[in-house]
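What's counted below: heavy atoms across the whole structure, side chains too, no hydrogens, waters or symmetry copies. Every chain is numbered from 1 and lettered A, B, ... according to where its sequence line falls, protein lines coming before strand lines.
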There are 2 protein chains.
Amino acid sequence: MTNSLNRRALRREETREKILRAAVRIFAELGFEAASMGSIAARADLKKALVQYHFETKLNLWQEAVNFLWSELHTLEDGLPRLSDFSSHDDEREILRQVLRAIIRFAKSHPDWVGIMFREASSPGPRLDWLVENHLKRDIEDGTAFIATAQSHGLLPEGPPLQILNIISGALTYPLLVAPLTKRATGINMASDESLDATVDILLNMLKP
Amino acid sequence: MTNSLNRRALRREETREKILRAAVRIFAELGFEAASMGSIAARADLKKALVQYHFETKLNLWQEAVNFLWSELHTLEDGLPRLSDFSSHDDEREILRQVLRAIIRFAKSHPDWVGIMFREASSPGPRLDWLVENHLKRDIEDGTAFIATAQSHGLLPEGPPLQILNIISGALTYPLLVAPLTKRATGINMASDESLDATVDILLNMLKP
DNA sequence: AATTTGACAATACGATCGCATAGTGAAACG
DNA sequence: CGTTTCACTATGCGATCGTATTGTCAAATT
């Protein structure tokens, strides 16, 4: 493999990633139907036909964009602390706080993820099926497993892990999702770091004994 | 006003309501951009031009549909119990449970409301501005006032009422919103009455002292 | 009974959608 | 250096979008 051989492949990869980043944003903002190949190309400052060239169909572009987004999510997961890493009860509670904070921070820095999640998860269809099979099934399993572990350590209240997971997920992501609304209605920016940390603290305070 | 005078006016009102019900569903399912005048007309089993005749533009139809939806919401609010109606502490806690259950029940029976809320609240724009000014501002004020009252009665943990409101709202509506996803991934129907009541109970248990 | 009103339909307009096809020109290869 | 590969562009197709215009016919008015 010479140096010049990489020139084209490198440029190709750059272009593809540029398109994917634009696609993730547009899909998250507008939803699948309302997003257009043209608007995605415009966001990436490229021609529409180029997007079509690299990703063929709109559905395929959506899938690749989702894969791209989830790959970033998994890099976060690798950095999360684990409950098994610590022993004392105080440390475990602190780990729970760190995990919740990491989740809400990721959600803040990736509003696209929240947007795509909420838009696709709420109505049945082929895209939800694909999303469940390729990403969400595993995510839910990991999530419920974490909840169950935390419960067995006495960190979370009793109850079906799946329900606890949904309650916590909603409590964490909802304030962030409706931040534009809250900002508009009250002038308060709920997406600030202070607000988000406060949200975690309030929630953790609820979850205590 | 004769009998025959009402014939046309009545039919007009029937047609308008038929269109509005269809519009609410379509807008909630697809979002504003993806929803089309044609699909709304088809859902109402009417011609596209008739929809245009009654509501002029798509934006105007959306606003009227939202007004129609909120008018149903307000009939629910009128039936809600109030904290000031009871005196003993046990009764107050029971009222809180009833209020939360009424909210989640309404959300279940009006998925369109949840859909429109989540779709419009998450991204800034002229429609969000309109929604805030005409409905949400008042809703948020009422909500935070209720939270503050419940806090003063020792029913909810301390903290900014707006944040508590968002946390509770998210914890209640999220499980319902992602019910299609949960159903697909685990086979469990989180939108069942039992699951929803359990969600309220779990949440209330968290909110206790 | 003659006339006006208004709920509704038929049709067309320009714009934009996803997608397909035919090039173009520089980088990679033998 | 001649040839092939391929990232990228130009152009156009049929379908559908929101909207405007005009016509129709029964109900309401005078």
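Between dA26(C) and Arg7(A), no contact under 4.0 Å exists linking OP1 or OP2 to a side-chain N or O. Dashed line: the shortest gap from a side-chain N or O of Arg8(B) to OP1 or OP2 of dA27(D) is not under 4.0 Å. Residue Gln52(A) places at least one side-chain N or O closer than 4.0 Å to OP1 or OP2 of dA20(C). Remark: Tyr53(A) is in phosphate contact with dA7(D), judged by side-chain N or O atoms under 4.0 Å from OP1 or OP2. Residue Lys47(B) places no side-chain N or O under 4.0 Å from the OP1 or OP2 atom of dC8(C). Contact between the side-chain N/O atoms of His54(B) and the OP1/OP2 oxygens of dA7(C) is not found at any separation under 4.0 Å. Between Thr15(B) and dA7(C), a side-chain N or O to OP1/OP2 separation shorter than 4.0 Å is absent.
Under the 6.0 Å cut-off for aromatic ring centres, Tyr174(A) and Phe118(A) do not qualify, their centroids lying 6.0 Å or more apart.
Taking a cutoff of 4.0 Å between a charged side-chain nitrogen and a carboxylate oxygen, Lys18(A) and Asp45(A) do not qualify as a salt bridge.
Comparing dA7(D), dA10(D), dT19(D) by their closest approach to the side chain of Arg11(A) singles out dA7(D). If you check dC8(C), dT9(D), dC17(C) against the side chain of Ser36(A), the one that comes closest is dC17(C).
Side chains of Ile168(B) and Leu207(B) form a contact here, defined as non-hydrogen atoms less than 4.5 Å apart. Between Asp201(B) and Asn205(B), the closest side-chain pair of non-hydrogen atoms is not below 4.5 Å.
Remark: the Lys48(B) side chain and the dT19(D) base include a donor-acceptor N/O pair separated by less than 3.5 Å.
Map Arg12(B) and Ser39(A) each onto its nearest nucleotide of DNA chain C; the residue landing nearer the 5' end is Arg12(B). Residue order along DNA chain D, read from the 5' end via each residue's closest nucleotide, puts Arg16(A) first among Arg16(A) and Glu33(B).
Ala35(B) comes within 4.0 angstrom of the backbone, heavy atoms only, and of no base.
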